[in-house]
Amino acid sequence: MRYKREFNAIFIDFETSLAKDSKQQIHFYYSGKPIIAKRAPWDGGFVFEKDSNGKDWIGVAVQGTGASLWYPCKDSQTDEPDFGATIKVAVPNGLMNVSNGRLIGSEDLKNGYTRWDWEVKNPINNYDITINVGDYIHFGENYKGLDLDYYVLRDNETKARSQFEQVKPMMDCFQSKFGPYPFKEDGYKLVETHYLGMEHQSAVAYGNKYQAGYLGGDLSGTGIGLLFDFIIIHESGHEWFGNSITSKDVADMWIHEGFTCYSESVYLECLFGYEKAQRYINGLQRNIDNDKPIIGHYGVSNEGSGDMYYKGALMLNTIRHIVNDDKKWWEMLLKYSTIFRHKIIDTETVASFFNQESGVNLTPIFDEYLKYVGAPILEYKINKKHLEYRWNSNNINFSMPIDLIIKGKKIRVYPTTKWQKSKIKVGRLKDVEALKDHFFIKVNAL
């Protein structure tokens, strides 16, 4: 076929028209030197390393840069291969390749190389397709009908067997809150990588060095983050949020990261209770940069602020407490994960769903946290012994209920951006406390 290349795009000239709904096959022949990542997974490319025994250890992570840096594809989140993918990789004898889905066989090519064949049955994001080459050993089990498989460097088997025990209570938690694991046909895997981690569908990259927290630290600053291995829990949460439910445009990546960051606190609540989960998620506020809106510019491959992680999670925690009914909240989250399973959606779809299911107009809240920088400021004052309040926000249409504790009693009020005089009598400003642990806000007592 005739084709031309412009930068990273290939334009193919089909000499005859293709019939609508017909199925065609295209074979691409290509070669070249792959991009080497400078700091995977934050930039795209291959990682070429050696293990402690001097054997090759290779991986690739391409989210953001795009999967087309190493194989021809329709490089967009707006579409996925409907029937999965087959990945066949030949590597030197003595090493193996681990990719997404199920191992369907291997073949000694009699030339010093062995080809490892993997197959994915489900739709998959292009950036989730991966290869992992190394001197791996395998162990695993079937847990309540789900295959759990682990591929780690030979010298790390003992540490891995202990550390990866966290997967089973995590699966119990996430399946109870978000529904069945979305890719049961392809199984669940953790694969040890030199880089920190990545949510490669059914082959989650693990590089947290068998430590608690995030490389031994706690992102929340509370100590609670040391109760779990961050990479296991966070990257596995992406199987539901990002891999199963995918944003149509990278501008809406908060749909991946906000929900997945929130899933960390869900895991903590399942295992350690509500109070610890709330302390953890509120501690994440210290990581918010307030540099730009969370939603980027649509149509131009532009991600928004990295605040999509922590501020996105705190927004969901805020919505939970606006709903003010935990039974209803968990039912909503389960229904969201189920209805949009294997779907590609956008912010408007998410907001519409939660509006309908909650019976509350949450659009001003989504707009405030996703489209504006910072947190809304609750301002209040006393005027003739009556409490007055308003929201100070650049979003003039913002409104959100908030719970106040006044003389030990919880009272829900409904401020807008205009001053409202309430019937609540208050003698002193210090008698008023806003529940900042339940709502991501700032407070200014006037």
Side-chain angles (χ1 to χ4, degrees), residues 34 37 40-41 44-53 55-63 67 70-71 81 84-109 112-122 124-143 146-161 163-164 167 181 183-210 229 231-232 235-236 238-239 243:
F46 275 78
V47 177
F48 291 94
E49 295 290 341
K50 301 283 187 180
D51 66 18
S52 60
N53 297 313
K55 294 188 176 182
D56 289 307
W57 187 19
I58 303 167
V60 65
V62 300
Q63 187 180 23
W70 72 283
Y71 70 92
T86 302
I87 306 104
K88 299 182 179 182
V89 181
V91 301
N93 292 341
L95 301 176
M96 75 177 300
N97 171 65
V98 183
S99 288
N100 314 77
R102 303 277 187 178
L103 179 64
I104 57 175
S106 62
E107 181 181 350
D108 186 344
L109 302 180
Y113 282 74
T114 298
R115 194 189 70 224
W116 300 84
D117 300 348
W118 297 82
E119 185 176 50
V120 179
K121 296 289 190 183
N122 288 286
I124 185 170
N125 296 329
N126 286 334
Y127 68 78
D128 271 335
I129 293 176
T130 190
I131 64 175
N132 300 278
V133 178
D135 182 22
Y136 288 117
I137 62 97
H138 165 255
F139 64 93
E141 64 180 291
N142 183 283
Y143 181 67
L146 176 63
D147 288 331
L148 307 177
D149 290 285
Y150 308 112
Y151 291 85
V152 301
L153 294 183
R154 189 169 301 278
D155 290 348
N156 294 334
E157 179 179 358
T158 300
K159 288 187 290 186
R161 284 184 179 274
Q163 193 78 352
F164 293 173
V167 169
Y181 176 72
F183 310 107
K184 184 177 180 180
E185 301 86 351
D186 298 321
Y188 169 88
K189 292 195 294 296
L190 286 177
V191 187
E192 185 174 2
T193 56
H194 185 272
Y195 59 91
L196 182 61
M198 184 62 199
E199 62 265 25
H200 295 138
Q201 184 175 310
S202 69
V204 172
Y206 174 83
N208 203 39
K209 303 183 188 302
Y210 306 100
D229 186 314
I231 291 300
I232 293 177
E235 303 301 351
S236 299
H238 272 304
E239 293 282 53
N243 297 347

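Note that the structure is a prediction, hence the values are computed from the model and not measured.
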When every non-hydrogen atom of Asn125 is compared with those of Gln201, the smallest separation belongs to N-OE1, 4.2 Å

OH (Tyr71) and CD1 (Ile87) are apart, to the nearest 0.5 Å, by 8.0 Å

OH of Tyr136 to CD of Glu157, rounded to nearest 0.5 Å, is 14.5 Å

Between the CD atom in Glu199 and the CD atom in Glu239, the distance rounded to the nearest 0.5 Å is 8.5 Å

query: Quick one: are Ile231 and Leu190 in side-chain contact, heavy atoms under 4.5 Å?
result: no

Open item on the list: Between Ser99 and Thr130 (side chain of the first, backbone of the second, donor and acceptor by atom type, cut-off under 3.5 Å), is there such a pair?
Closed with: yes

**Prompt:** Taking the side chain as C-beta and beyond, is there a heavy-atom pair between Trp57 and Val47 under 4.5 Å?
**Reply:** no

- Classify the side-chain pair Asp149/His138 by whether it contains a donor and acceptor separated by less than 3.5 Å. yes

Across all chains, not counting sequence neighbours, the side-chain hydrogen bond (donor to acceptor under 3.5 Å, both in side chains) partners of Asn122 are Glu185, Asp186

key: Sidechain-backbone polar pair: Lys189 side chain, Gly101 backbone, donor-acceptor under 3.5 Å   = yes

Are Trp116 and Leu103 side-chain neighbours, meaning at least one heavy-atom pair lies under 4.5 Å? yes

Is a side-chain donor or acceptor of Asn97 paired with a backbone partner of Asn132 at a separation under 3.5 angstrom? yes

query: Is Asn93 reaching over with its side chain to a backbone N or O of Thr114, donor-acceptor style, under 3.5 angstrom?
result: yes

So CD1 of Ile124 and CG of Asn243: to nearest 0.5 Å the spacing works out to 7.5 Å

Across all chains, not counting sequence neighbours, the ring pair (Phe, Tyr, Trp, His ring centres under 6.0 Å) partners of Phe164 are Tyr150, Tyr206, Tyr210

Smallest heavy-atom separation, Val98 atom then Trp118 atom, equals CA-CZ2, 3.6 Å

**Q.** Side chain proximity check, Asn156 to Glu192, heavy atoms < 4.5 angstrom
**A.** yes

For Trp70, the ring pair (Phe, Tyr, Trp, His ring centres under 6.0 Å) test, sequence neighbours excluded, returns Phe46

Q) Is atom OH of Tyr143 surrounded by more than 12 heavy atoms (other residues, nucleotides or ligands) closer than 6.0 Å? A) yes

| field | Minimum side-chain heavy-atom gap His238-Val204 below 4.5 Å | value | no

Determine, for Asp147 against Arg102, whether the closest basic-nitrogen to carboxylate-oxygen distance falls under 4.0 angstrom.
yes

Within the side chain of Lys159, is there an N or O that forms a donor-acceptor pair under 3.5 Å with the backbone of Lys209?
no

Check: Within a strict 4.5 Å, meaning less than it, do heavy atoms of the Asp51 and Asp135 side chains meet?
Finding: yes

| query | Are Val152 and Phe139 close enough that some pair of their side-chain heavy atoms sits under 4.5 Å apart? | reply | yes

So CG of Leu95 and OH of Tyr113: to nearest 0.5 Å the spacing works out to 10.0 Å

(message) Looking at Asn53 and Lys55, would you say the former's side chain and the latter's main chain have a donor-acceptor pair under 3.5 Å?
(response) no

Between the CG atom in Leu148 and the CD atom in Glu141, the distance rounded to the nearest 0.5 Å is 6.0 Å

- Item | Test item: Ser202 and Tyr181 side chains (from C-beta on) under 4.5 Å apart, heavy atoms | yes

Check: Gly197 main-chain N/O paired with Asn208 side-chain donor or acceptor under 3.5 Å
no

